[in-house]
Structure formats: structure tokens, C-alpha cells
Amino acid sequence: MSYSREIANLIKQYLDGESFHYDFDEEEGIFHFGVVMPSKLQNIKYLIRVTQSRFICYAYCPIGAGEAKEEVGEFLHRANYGLPYGNFEMDYTDGEIRFKFSLICDDSLPSLDLVEDSILVPARMFRQYGDGLLAVIFGMQEPEAAVEACEK
């Protein structure tokens, strides 16, 4: 698969400037790294996929939905409603939960500020909604109440 080396170099420039420790797959144009969270989630894993005209930033929750897929699905739909950038997703097959943010770079390269936002927004979303997500996964709160608590 081909990817934009210019976009990849911008992402590297940001990650290096912020002292992130990451792996980069030169053949596929994919970054991998983790971020420690000041929340009950404690950490999230990142995968950034660079293509010819965009990059997609995925942040993965360390805990899957387990047996609470329906409740987690409702929680994520309620959390997604009204989000201005990106969205939560869940794989109903295995319960994997992630936040996705993508940036189209068709005609020009993004600024470092946009690269920063694309990487930090998923972490902010997990920081805002993570405790509620865990409460739903472990059956301690109903989805609607959990989202309301996260948005206060």
C-alpha cells in the first residue's frame, strides 16, 4: 500500500517534538504508540494509518465491551450524538472499542496544530467518556445516565 511520505513526516515531526515513543511501519505507513491516561482507563493504544490523501487516527480502549455489547453500543451512540469531531466505534464481533479521527489532506498538508488535534482529540474523548464507559461495561450504570454524568 502506498502512502504520503509528506503526511507521515509531519506526524513524525509532531510525535518527535512531543517526545512520544512510537513504532512506524515504513512499508505500510502505520504508527503505533500508547498514551498513559489520568483516569480509570489508565492507558490507550494508538494506530495512525497514513494514505495518499489523509490519515486516520484510531485510539483503542484497553478493555472490550465483553457481555455488555448492547449497553456499550447504546452508550457509544449517545456519546457520539453531537460530537463535533470524530466518533466512537465498537466491533460487535469481539467488543473492541475505539475512537476514530481522520483528516483529509487532498490539496495541502495540514499544519502541526491540526496534526496535534487529530492525535489529542481521541485521548480527550476517552478522558471525558472513559469512566462512564467502564461503568456501563461493568454494569454499574445505565448508558443514558453514564453519558449524562460524562457530559456534566
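Everything quoted here is computed from the prediction, not taken from an experiment.
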_Nearest heavy atoms of Pro110 and Leu103, plus distance in Å_ = CB-CD2, 3.7 Å
*Can you label the angle between the Phe88 ring and the Phe99 ring as parallel, tilted or perpendicular, going by 30° and 60°?*
perpendicular
*Would you indicate whether the side-chain heavy atoms of Tyr92 and Glu70 approach each other to under 4.5 Å?*
yes
*Could you tell me which non-hydrogen atom of Phe33 sits nearest to which non-hydrogen atom of Ile119, and how far apart they are?*
CZ-CG2, 4.1 Å
*Leu120, Val50: one ILVMFWY side-chain cluster at the under-4.5 Å cut-off?*
yes
*To the nearest 0.5 angstrom, please state how far the NZ atom of Lys100 sits from the CD1 atom of Ile56.*
6.5 Å
*Heavy-atom distance under 4.5 Å between the side chains of Val36 and Gln42, does that happen here?*
no
*Under 4.5 Å between side-chain heavy atoms, hopping through other hydrophobics if needed: is there a path connecting Ile30 to Tyr46?*
no
*Between Tyr3 and Phe24, what is the ring plane arrangement, given parallel below 30°, perpendicular above 60°, and tilted in between?*
perpendicular
_Carboxylate-amine/guanidinium contact Glu18 Lys12, below 4.0 Å_ = no
*Would you mind reporting whether Glu89 and Leu76 have side-chain heavy atoms less than 4.5 Å apart?*
no
_Checking side-chain polar atoms at under 3.5 Å, does Tyr129 have a donor or acceptor matched by the opposite partner on Glu151?_
yes
*When clusters are formed by joining ILVMFWY residues with side-chain heavy atoms under 4.5 Å apart, either directly or through shared neighbours, do Tyr14 and Leu10 land in the same one?*
yes
*Can you see which heavy atom on Ile44 is nearest to which on Ala123, and at what distance?*
CD1-CA, 3.8 Å
_Do Tyr58 and Val115 land in one hydrophobic cluster if side-chain heavy atoms of ILVMFWY residues count as linked below 4.5 Å?_
no
_Min side-chain heavy-atom separation Cys105-Ser4 under 4.5 Å_ = no
*For the student: nearest non-hydrogen atoms of Pro143 and Glu71, plus distance*: CG-O, 3.3 Å
*Do Asp117 and Tyr85 have a side chain donor and acceptor closer than 3.5 Å?*
no
_Regarding Arg78 and Glu74, does a basic nitrogen lie under 4.0 Å from an acidic carboxylate oxygen?_
yes
*Taking all non-hydrogen atoms of both residues into account, name the closest pair between Ser39 and Asp131 and its distance.*
CB-OD1, 4.1 Å
*asked:* So Leu133 and Ile97, do their side chains get closer than 4.5 Å, heavy atoms only?
replied: yes
*Would you call Met37 and Phe126 a side-chain contact if the rule is heavy atoms closer than 4.5 Å?*
yes
*Of the non-hydrogen atoms in Cys57 and Ser118, which two are nearest, and what is the gap between them?*
SG-O, 3.5 Å
*Pair Ser111, Asp113: side-chain N/O donor-acceptor within cut-off below 3.5 Å*: no
*Kindly determine whether Leu15 and Phe31 satisfy side chain to side chain contact (heavy atoms under 4.5 Å, CB included), including the steps that lead there.*
CA-CA 10 Å; Leu15 293 174; Phe31 292 87; 3.7 Å; yes
*Using the rule that two of Ile, Leu, Val, Met, Phe, Trp, Tyr join whenever any of their side-chain heavy atoms come within less than 4.5 Å, decide whether Phe20 and Ile7 are in one cluster.*
yes
*Supply the atom-to-atom distance Glu28 CD to Ser2 OG, rounded to the nearest 0.5 angstrom.*
10.0 Å
